[in-house]
Protein chains: 2
Amino acid sequence: MSTGIGSNGQTKLIRVPKTAELIADQLRSRIVRGVLKKGDALPTEVELVKQFGVSRPTLREAFRILESESLIVVRRGSRGGVLVSSPETSVAARSFGLLLQMSGTTLADLYAARKVLEPAAVEMLTQRKAPADVVDLKSAAGALAVLVNDGVDDADFHEWSAATFAFHDLIMERSGNNTIALVGAVLREVTTRHMARAVTTSTDHAEIEKQFKATIRAFTKLTNLIESGDAAGAKEFWTTHMDRAGRNMLWGDLANETVIDLFV
Amino acid sequence: MSTGIGSNGQTKLIRVPKTAELIADQLRSRIVRGVLKKGDALPTEVELVKQFGVSRPTLREAFRILESESLIVVRRGSRGGVLVSSPETSVAARSFGLLLQMSGTTLADLYAARKVLEPAAVEMLTQRKAPADVVDLKSAAGALAVLVNDGVDDADFHEWSAATFAFHDLIMERSGNNTIALVGAVLREVTTRHMARAVTTSTDHAEIEKQFKATIRAFTKLTNLIESGDAAGAKEFWTTHMDRAGRNMLWGDLANETVIDLFV
DNA sequence: ACCAATTTGTACGTATGTATC
DNA sequence: GGATACATACGTACAAATTGG
């Protein structure tokens, strides 16, 4: 049952891909072409070993490659096996984060890029808004307001941040442009991993609470502008809001801090 | 690795990390923290096996993981071994391309996102331009002009496209924003892989040549606007140029074609 | 053309986790 | 709740391919 993989000895110039990569390519091809859909189970290891005519360690190396791309998840146990999964944004965020990290990108640089994308998304969203979009935006803004107003005593800043980011994500999602939504999600995820630390190291609770309340007002105002269909006004308002929020968030050293410590 | 933000509600998120992943995490940590720099050689397999106290198959699985992130390259042979490498944009482009592909993103959608980023980059570049930037832009535009004017007889459209994309990349690179440059490079790479096919399948050579000559004129005009420091004008011109170029490039079915066939 | 160093691939055995009866 | 069957996880040992001197 040889697929003719190991019998090539003539081509020396081209880099011969490792067998595990070839197996991973074949499996990935089945997945992305839709032959295998999300949730489907692949045959067992022994079955695949027979199908591809390779050994088990080689097949397992292929599994690790696809697993690192989050195209599959491997569960052990009686009902275990290999399941097809959907690629998560976290994978792209990780590889992109590595890229940012190795090139010494600062947080201010990263935020500046988001300041370009989000106002554009706001403009698009306003132009194509559906009633459901406005409802959901109000709901997301309301969720943050509930958290901040009710939870003053035992404030969970991580929870507040999560609600804030959810609103930002919603804007990108509903922009109507899938690419912008995905890029925004990736950049936002990289930002989040830094902000989680920044928010906890800050001790001025009153100041933080004040900023979050300003954020809630900004969310409300933006939602109103979107609802009224004022695309230019919404875009301009969001530009100034992100500019102001960025100055408050990226104080001092944090702005010039490079994207690091994401994967240590 | 996995952040556990699964859209999958039912799956157990308590994922026991496999030893290969743990080894990969440790090695990755050494690399990104700068303990191991690009070009450095890791110990041999047998040495690492002794260091980590795992078996060779397990260690090799860790190699495959890091290799898929292009953090290492493994050469075989007498002077072979594991070398530390820098992550390439192609890795991020691949994971991001998978994301686009699985979510059924169209080429028109992808191009629309680039129409947001590039004009913003043009504006930034104009505001912060150094003399060298203008020189290099002129050089890049001139390179395309030479190719198109001299090579009419045996036109190599792939070469022409490469020169065109080089100009686009240069704009993003010199925008002063590293994040935008990297995002632009990733999106551009995904676009390229499709365009390479589209350009070859088209047979109307005269029409293609006409479009490329229009592109050269646009490059020249943009360079002049940047040189004169007219940020708003440059941004507006580039918006209209990309709009027009997009309509010419994404004719008919191609616009609604989804991002596919990248990894089959 | 040989040889040494190194990764690559194979084979089999044991351990461990998970669902089902 | 415990025994059991099934599937992956991991380890040891060995043969083959590749590269550089």
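Remember, it's a predicted structure, so these values are computed and weren't measured experimentally.
The residue B:Val54 sits close only to the backbone: its heavy atoms come under 4.0 Å of sugar-phosphate atoms, none of a base. Residue-level contact check: A:Glu45 touches the backbone only, with heavy atoms under 4.0 Å from sugar-phosphate atoms and none from bases.
Among D:dT19, C:dA19, C:dG9, the nucleotide with an atom closest to any side-chain atom of B:Ser78 is D:dT19. When distances are taken from the side chain of A:Arg79 to each of D:dC10, D:dT8, C:dA19, the shortest belongs to C:dA19. Listed candidates were D:dT8, C:dA5, C:dT8. Nearest to the side chain of A:Thr44 is D:dT8. Considering only the side chain of B:Arg60, C:dG9 comes nearest among C:dG9, D:dG20, D:dT8.
Regarding A:Ile23, its CD1 atom lies at a distance of 15 Å from the P atom of C:dT8, rounded to whole Å. B:Leu59 places its CG atom 13 Å from the P atom of D:dT12, with the value rounded to the nearest Å. A:Arg64 has its CZ atom 17 Å from the P atom of C:dT8, to the nearest Å. Rounding to whole angstrom units, NZ of residue A:Lys18 and P of D:dT18 are separated by 12 Å. Atom P of nucleotide D:dT8 and atom CD1 of A:Ile72 are separated by 11 Å, given to the nearest angstrom. Rounding to whole angstrom units, CZ of residue A:Phe52 and C1' of C:dG9 are separated by 16 Å. Rounding to whole angstrom units, CD of residue A:Glu67 and P of D:dT8 are separated by 12 Å. Taking atom CG of residue B:Leu42 and atom C1' of nucleotide C:dT7, one finds them 14 Å apart after rounding to whole Å.
Summarising the geometry, atom CD1 belonging to A:Ile180 is positioned 11.5 Å from atom OG1 belonging to B:Thr105; distances are rounded to the nearest 0.5 Å.
Checking A:Thr19 against A:Thr58 by side-chain atom types alone, no donor-acceptor pair falls below 3.5 Å. At a cut-off of 3.5 Å, with distance as the only test, a side-chain donor of A:Ser68 or B:Ser68 sits close to an acceptor on the other residue.
Of all heavy-atom pairs spanning B:Phe63 and B:Leu48, the tightest one is CZ-CD1, 3.8 Å. Here the closest heavy-atom approach between residue A:Thr179 and residue B:Phe96 is recorded as O-CZ, 4.2 Å. Residues A:Ala93 and A:Val190 share a closest heavy-atom pair of O-CG2, 3.9 Å.
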N/O-N/O pairs, protein side and nucleotides 13-16 of chain D side, under 3.5 Å:
unit_1, atom_1, unit_2, atom_2, d
D:dC14, N4, B:Arg56, NH2, 3.1

Contacts under 3.5 Å, N or O only, protein and nucleotides 1-4 of chain D:
none

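At a threshold of 4.5 Å between non-hydrogen side-chain atoms, the residues B:Leu98 and A:Leu71 count as touching.
Note on residues 160-180 of chain A: pairs passing salt bridge (Lys or Arg N to Asp or Glu O under 4.0 Å), not counting sequence neighbours, are A:Asp133-A:Arg174, A:Asp136-A:Arg174, A:Asp169-A:Arg188.
Judged by closest nucleotide on DNA chain C, A:Ala20 is the one of A:Ala20 and A:Gly77 placed further toward the 5' end.
A salt bridge is defined here as a Lys NZ or Arg NE, NH1 or NH2 lying under 4.0 Å from an Asp or Glu carboxylate O, and A:Glu61 with A:Arg64 fails to meet this definition.
When atom types are taken as modelled, the side chain of A:Thr191 and the backbone of A:Leu187 share a donor-acceptor pair closer than 3.5 angstrom.
Remark: B:Thr58 is in phosphate contact with D:dG11, judged by side-chain N or O atoms under 4.0 Å from OP1 or OP2.
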